[in-house]
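Treat the numbers as computed from the prediction; the structure is a model and nothing was measured. The analysis underlying the following values was restricted to heavy atoms, covering all of them including side chains, and did not include hydrogens, waters or symmetry mates.
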Amino acid sequence: MAQIATNEFRAGVKVEMDNEPYTIIGVEFVKPGKGQAFTRTKLKHLKSGRVIERTFKSGDKLDIADVEERQMRMLYLEHDGVVFMDDQTFDQITIPLTVIGDNKFWLIDEQIYDIVFYKGQVVSITPPTFLELKITETAPGVRGDTASGRVLKPATVETGATIQVPIFIEEGEKIKVDTRTGEYVSRV
């Protein structure tokens, strides 16, 4: 299996440690006045999303993880999973909702998602950073609400997610949402 040395560590590199896949999200090279230089890293577990910190001596090596990233189009939602299709090969796969987790609130038909496979198994999906979603339910904005300091109100979008929107947004409007934070960005 291919290996990578500490001097080649970069953010975004997928490595395998203790037979588990991680992606490097932070690297800091430290050369103390006394003693051996080392590399301090932050690693995100690809399956659970848990972030850990590890320190490696200079010259240590880690295995490169057997990870494949593909872009796939969401076709439809089933009872216990979501069907995605590769636009190049037309291969279809069903990903269980347990793997999708909180990203289920950002699933839209015909949208392209980044899917990470580890040893042939899907470990995570990433929605696009910004999605345009239709407001399906929100209370009407009441004139004078800003005087009490309330400038946001809850709204439900077509995917079922509840987000905070400005009080001037009405039911049926399309808005742009940041899927990383679940926050309102702008009107569309």
Side-chain angles (χ1 to χ4, degrees), residues 1-75 77-78 80-108 111-131 159 161 163 176-185:
M1 180 175 282
Q3 291 194 318
I4 185 169
T6 55
N7 62 346
E8 298 169 312
F9 284 3
R10 304 283 182 269
V13 173
K14 313 285 189 283
V15 295
E16 193 171 294
M17 198 170 58
D18 304 328
N19 293 323
E20 293 291 326
Y22 290 89
T23 185
I24 297 174
I25 57 173
V27 179
E28 180 184 5
F29 178 74
V30 180
K31 183 161 177 48
K34 258 174 120 173
Q36 187 178 13
F38 61 90
T39 302
R40 186 178 299 141
T41 60
K42 280 190 176 181
L43 303 159
K44 182 178 179 183
H45 195 268
L46 283 177
K47 293 178 184 173
S48 68
R50 185 182 78 238
V51 176
I52 63 170
E53 291 187 17
R54 281 283 169 96
T55 302
F56 299 95
K57 291 186 288 186
S58 280
D60 281 354
K61 291 183 177 183
L62 288 177
D63 291 335
I64 294 177
D66 179 17
V67 171
E68 179 187 3
E69 296 174 274
R70 291 164 57 185
Q71 290 196 326
M72 299 185 84
R73 179 179 307 275
M74 181 189 151
L75 295 181
L77 185 70
E78 288 185 332
D80 57 347
V82 182
V83 178
F84 289 88
M85 180 181 76
D86 188 323
D87 283 347
Q88 309 298 318
T89 63
F90 303 105
D91 289 340
Q92 292 185 13
I93 60 167
T94 301
I95 301 175
L97 288 173
T98 54
V99 173
I100 293 172
D102 289 341
N103 285 324
K104 68 183 177 191
F105 291 115
W106 310 122
L107 295 175
I108 300 178
Q111 187 68 48
I112 303 289
Y113 292 86
D114 293 326
I115 299 178
V116 177
F117 295 81
Y118 173 65
K119 293 183 178 176
Q121 299 291 318
V122 176
V123 290
S124 71
I125 75 160
T126 307
T129 304
F130 298 105
L131 282 177
T159 59
I163 61 171
K176 191 175 188 178
V177 177
D178 186 334
T179 59
R180 296 169 298 183
T181 60
E183 294 177 351
Y184 166 86
V185 176

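Val82 places none of its side-chain heavy atoms less than 4.5 Å from the side chain of Ile125. The side-chain heavy atoms of Phe38 and Glu28, taken from C-beta on, include no pair separated by under 4.5 Å. In this structure, Thr41 and Phe56 have side chains that are in contact, with non-hydrogen atoms separated by less than 4.5 Å. Using a 4.5 Å cut-off on side-chain heavy atoms (C-beta onward), Met72 and Ile112 make no contact. Counting only heavy atoms from C-beta outward, the side chains of Tyr113 and Phe84 approach each other to under 4.5 Å. Between Val177 and Tyr184, every side-chain heavy-atom pair lies at or beyond the 4.5 Å cut-off.
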Compile the donor-acceptor pairs under 3.5 Å between side chains in residues 3-15 and protein atoms, sequence neighbours left out, one pair per line.
unit_1, atom_1, unit_2, atom_2, d
Gln3, NE2, Asp63, OD1, 2.9
Thr6, OG1, Gly59, N, 3.2
Glu8, OE1, Ala5, N, 3.1
Arg10, NH1, Asn7, O, 3.3
Lys14, NZ, Gly12, O, 3.3

Only distances under 3.5 Å count here; give the side-chain donor-acceptor pairs of residues 44-53 to other protein atoms, sequence neighbours excluded, each with its distance to 0.1 Å.
unit_1, atom_1, unit_2, atom_2, d
His45, ND1, Lys47, N, 3.2
His45, ND1, Ser48, N, 3.1
His45, ND1, Ser48, OG, 3.3
His45, NE2, Glu20, OE1, 2.9
Ser48, OG, Arg50, N, 3.2

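Judged purely by distance below 3.5 Å, without hydrogens or angles, the side chains of Tyr118 and Glu16 pair a donor atom with an acceptor atom.
More than 12 non-hydrogen atoms from other residues, nucleotides or ligands lie less than 6.0 angstrom from NZ of Lys119.
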* Intermediate values then yes/no, side chain to side chain contact (heavy atoms under 4.5 Å, CB included), Asp91 and Met85 -> CA-CA 6 Å; Asp91 289 340; Met85 180 181 76; over 6 Å; no

Report task. Show the numbers, then the answer: is there a side chain to side chain contact (heavy atoms under 4.5 Å, CB included) between Leu131 and Trp106? Result -> CA-CA 8 Å; Leu131 282 177; Trp106 310 122; 3.8 Å; yes

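The salt bridge (Lys or Arg N to Asp or Glu O under 4.0 Å) analysis of residues 95-107, with sequence neighbours excluded, yields no pairs.
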